[in-house]
A.B. asks: 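Quick one: structure below, then a few questions.
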There are 2 protein chains.
Amino acid sequence: MITTTFKALNDDTRRSIMELLKQGEKSAGDIAGEFNISKPSISHHLDLLKQANLIKAKKKGQYIYYSLHTRSLEEVFRWFVQFKPDERVHLRKPKIRLVAS
Amino acid sequence: MITTTFKALNDDTRRSIMELLKQGEKSAGDIAGEFNISKPSISHHLDLLKQANLIKAKKKGQYIYYSLHTRSLEEVFRWFVQFKPDERVHLRKPKIRLVAS
DNA sequence: TATCTAATTCGATATTTGTTGAACTAATTA
DNA sequence: TAATTAGTTCAACAAATATCGAATTAGATA
């Protein structure tokens, strides 16, 4: 649901979490350590991002590692494209591309 | 501010208004007529979209016409691109393009 | 001028959202 | 087994948000 995705992205902390995860997977505690916010609050943010399929969780022992899962970003991407009809946008990497400009 | 843009986009009615305006400029009353929501509420939504530079207003007599103003969509677009590094995305239409796939 | 229409602003309200400390679950370690 | 650690869930609360009817502003028209 695109509503869920937009809701998840409508928060500074959550967008920062996503940018943080560009570095690779991180445990919930590591993520919480980067913000001046309580762990329950971070846990809640992670839950909303997970609900929106923007991140995924993998449990390892007593740790839970979170990483980017940008599948649903494509959906939002597509939503934006409708407003920019004169621009060519590739959502998928083409097999062969020859571009001259 | 990207925060303002994400906030503006985080609402079904406002996203619908944007899609409606793809047809061209419409007066506030015309827009309100498309939704089962009071005019004050629509007026508020239009204000938030305007604050985010997603639409612009032009007064003509006693009417106010709203139309798309997708400049700030580019900013959000760019925000998304950072999460899709292996895909080529053109925000601007290139002068010449030869593509084979 | 008085009236009508288009749209916004105001004031109030119900709902949603972000936040916290405390309690809880599950895995590790002494 | 008892204690520790990582993380979530719970309950409560403050702030933000969407909504509405009423009041207000501004332009058009009789």
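A, B, ... follow the sequence lines: proteins, then strands. Residue 1 opens every chain. Every heavy atom of this structure was used, including side-chain atoms; hydrogens, water molecules and symmetry mates were not.
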A.B. asks: Please check this pair: side chain of S41(A) against backbone of I37(A), looking for a donor-acceptor N/O pair closer than 3.5 Å.
C.D. replies: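 Not at all, since once roles are kept as given, no pair shorter than 3.5 Å links the two residues.
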
A.B. asks: Roughly how many Å is it from CG in L49(A) to P in dG18(C), rounded to a whole number?
C.D. replies: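 Roughly 10 Å, once rounded to whole Å.
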
A.B. asks: Could you tell me the separation between the CG atom of N36(A) and the P atom of dT20(C), rounded to a whole number of Å?
C.D. replies: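 In whole Å, dT20(C) P lies 9 Å from N36(A) CG.
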
A.B. asks: What's the NZ-P distance between K60(B) and dA28(D), to the nearest Å?
C.D. replies: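 Going from NZ in K60(B) over to P in dA28(D) covers 13 Å.
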
A.B. asks: Hey, what do you get for CD (E25(B)) to NZ (K56(B)), rounding to the nearest 0.5 Å?
C.D. replies: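 The CD atom of E25(B) sits 9.5 Å away from the NZ atom of K56(B).
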
A.B. asks: For a side-chain hydrogen bond (donor to acceptor under 3.5 Å, both in side chains) with D47(A), tell me which candidate from H44(A), K50(A), Q51(A) qualifies.
C.D. replies: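 So the option named by the test is Q51(A).
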
A.B. asks: Could you tell me how far apart K26(A) (NZ) and dA6(D) (C1') are, to the nearest whole angstrom?
C.D. replies: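 Checked: the NZ to C1' distance equals 17 Å.
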
A.B. asks: Between dT20(C) atom C1' and F35(A) atom CZ, what is the distance in whole Å?
C.D. replies: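 Answer to the nearest Å: 17 Å.
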
A.B. asks: How close do H45(A) and I17(A) get, heavy atom to heavy atom, and via which atoms?
C.D. replies: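 Closest approach of H45(A) to I17(A), heavy atoms only: CB-CD1, 4.0 Å.
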
A.B. asks: Parallel, tilted or perpendicular for F80(A) and F6(A), by the 30°/60° rule?
C.D. replies: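 Perpendicular: the ring planes of F80(A) and F6(A) meet at over 60°.
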
A.B. asks: Under 3.5 Å between N/O atoms: give me all the protein pairs with nucleotides 2-6 of chain C, atom names plus distance.
C.D. replies:
from, atom 1, to, atom 2, distance (Å)
dT5(C), O2, Q62(B), NE2, 2.8

A.B. asks: Taking the side chain as every heavy atom from C-beta outward, state whether L20(A) and K26(A) have any atom pair closer than 4.5 Å.
C.D. replies: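 Yes, their side chains come closer than 4.5 Å.
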
A.B. asks: For nucleotides 10-18 of chain D, give me every protein contact, N/O to N/O, under 3.5 Å, one pair per line with atom names.
C.D. replies:
from, atom 1, to, atom 2, distance (Å)
dA18(D), OP1, R14(B), NH1, 3.2
dA18(D), OP1, R14(B), NH2, 2.9

A.B. asks: I'd like to know if R15(A) pairs up with E19(A) as an ion pair, taking the criterion as any Lys NZ or Arg NE/NH1/NH2 lying under 4.0 Å from an Asp or Glu carboxylate oxygen.
C.D. replies: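 Looking at E19(A) together with R15(A), the answer is no, because their closest N to O distance does not fall below 4.0 Å.
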
A.B. asks: Please check this pair: side chain of T4(A) against backbone of A52(A), looking for a donor-acceptor N/O pair closer than 3.5 Å.
C.D. replies: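 Checked: no pair found.
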
A.B. asks: Any side-chain N or O of Y65(B) under 4.0 Å from OP1/OP2 of dA7(C)?
C.D. replies: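 Y65(B) to dA7(C) OP1/OP2: no side-chain N or O under 4.0 Å.
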
A.B. asks: When the distance from OH of Y66(A) to C1' of dA6(D) is rounded to whole Å, what number comes out?
C.D. replies: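 For the pair Y66(A) OH and dA6(D) C1', the rounded distance is 11 Å.
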
A.B. asks: Write down the distance between CD (Q51(A)) and C1' (dT9(D)), rounded to a whole number of angstrom.
C.D. replies: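 Taking CD of Q51(A) and C1' of dT9(D), I get 14 Å after rounding.
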
A.B. asks: Hey, is the main chain of A8(B) close enough, under 3.5 Å, to the side chain of R14(B) for a donor-acceptor pair?
C.D. replies: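 Yes; at least one donor-acceptor contact below 3.5 Å.
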
